[in-house]
Amino acid sequence: MCTVLVTGGAGFIGSNIVDLLLSNGYRVAVVDNLSTGNMNNVNKNSAFYNVDITDLKLCKIFEIERPTYVIHAAAQINVEKSMQDPVLDANINIIGSINILECCRKAGVRKIIYSSTAAVYGNPLYLGIDEKHELNPISFYGMSKYLTERYMQLFSDLYGLKYTILRYSNVYGMRQNFNGEGGVIQSFIRYMFKGEKPMIFGNGNQTRDFIYVDDVARANMLALKKGDNDIFNIGTGIEVSIIDLFKSLGKIIGDCTPLYMPQKKGDITHCYFNIKKSTEILDWEPEYMLKEGLKKTIQWYKKIFI
Ligand SMILES: NC(=O)c1ccc[n+]([C@@H]2O[C@H](COP(=O)([O-])OP(=O)(O)OC[C@H]3O[C@@H](n4cnc5c(N)ncnc54)[C@H](O)[C@@H]3O)[C@@H](O)[C@H]2O)c1
């Protein structure tokens, strides 16, 4: 049986990837230091290692598990934190990733799949953003994710380690915690459940591309076998305004009024992906429309808040 080592497998996206892999017959080993992840997210049928990705002992785990594939989803994902402490951000996201790449090289891993982000593009020069769009990160988080992409490509050129880079738009769904990137949906849901006014920064006309976590997990599984040494946008290709998102949630949870706050500095106005390349080469397309994804997400949060 083929083993996949998933970093960040106790986190939001990583744990959903782990569940999907196990249900498809893969053996799974999880590496996570539980900094933002949670033991409740970790599938009992996986082998769990509470280890930091920057720890040089990581290679020992590779020796024990002998993974065929690595899915690298562990990261410092808080944009504001990256601006306050770029050294910490770079240490986890760049140095931690190089450590993983070194372990992959030494253990003869066949392929690594990397969770990258729309933040590598910076302010969009055009919409829908395709994979050829210039890379001009405007945060240290975007920069650390971008530089890791480059390390992955150089490791591939030098040592033949195959890779697929998946750049996600705003991911939402069950197990999302409250400190990450793209967390507007769970933030709205939390305020609505508490009977408080959710905050909208700016006029709410900003748009985003919201992708449901099951679709992201499926893209990772497909990338084990397809899209070698290539980069793919993983989003819906559909732009949704924050105010429309707010109204859609209100229709399911119950109407409420938002609290308008000043626009956040550096907030991008519009963002959505072109996903043509992913549909053609990975044979992937999103299965969840926003309404369905929101319903499933709310069902899950109900268990926590009610
Ligand atoms: N959530 C989004 O909308 C989004 C969008 C684009 C890209 N991404 C990327 O997807 C990946 C997963 O993000 P997420 O939303 O699931 O975040 P998350 O915080 O829920 O998951 C990250 C996991 O990594 C673990 N981790 C963090 N630092 C670690 C370290 N030094 N050593 C070992 N484990 C460590 C955390 O404990 C957590 O379980 C990240 O690489 C992120 O950059 C997320």
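Only heavy atoms go into these numbers, but all of them, side chains included; no hydrogens, no water, no symmetry mates. Start at 1 and go down the list; that is how both ligands and their atoms are numbered.
- Within ligand 1, the atoms closer than 4.0 Å to a non-hydrogen atom of Ile92 are 28 (N), 31 (N), numbered from 1 in the order shown.
- For ligand 1, the atoms sitting less than 4.0 Å from at least one non-hydrogen atom of Asn177 are 19 (O), 20 (O), numbered in the order shown with element in parentheses.
- Closest heavy-atom approach to atom 21 (O) of ligand 1 among the candidates Gly11, Gly9, Ala74: Gly11.
- Using a non-hydrogen distance threshold of 4.0 Å, Thr54 does not register as a contact of ligand 1.
- Residue contact check for ligand 1: Gly96 places no non-hydrogen atom closer than 4.0 Å to it.
- Legend: residues meeting side chain to side chain donor-acceptor pair (under 3.5 Å) with Asn99, ordered by chain and number and at least two apart, are absent.
- A side-chain donor-acceptor contact under 3.5 Å links Asn220 to the backbone of Val216.
- The residue among Asn38, Val213, Ile13, Thr7 with a heavy atom at the shortest distance from atom 10 (O) of ligand 1 is Ile13.
- Under the side-chain hydrogen bond (donor to acceptor under 3.5 Å, both in side chains) test applied with His72, the options Ser115, Ser97, Ser116 reduce to a single match, Ser97.
- Chaining together hydrophobic side chains whose heavy atoms lie under 4.5 Å apart places Phe140 alongside Met83.
- Not a single heavy atom of Tyr172 sits under 4.0 Å from any atom of ligand 1.
- Of the heavy atoms in Ala118, none comes closer than 4.0 Å to ligand 1.
- Backbone and side-chain nitrogen or oxygen atoms of Tyr141 are examined, and one is located within less than 3.5 angstrom of a nitrogen or oxygen of ligand 1.
- For Ser169, the heavy-atom gap to ligand 1 drops under 4.0 angstrom.
- The closest approach between a heavy atom of Lys145 and any atom of ligand 1 is below 4.0 Å.
- Around atom 40 (C) of ligand 1, the closest heavy atom drawn from Ser35, Gly37, Ala73 belongs to Ala73.
- Distances between N or O atoms of Thr36 and those of ligand 1 include at least one value under 3.5 Å.
- No option in Leu5, Leu58, Ile61, Ile53 other than Leu58 meets the side-chain contact (heavy atoms from CB on, under 4.5 Å) test with Cys103.
- Contact atoms of ligand 1 toward Ala10: 39 (O) (distance under 4.0 Å to a heavy atom of the residue).
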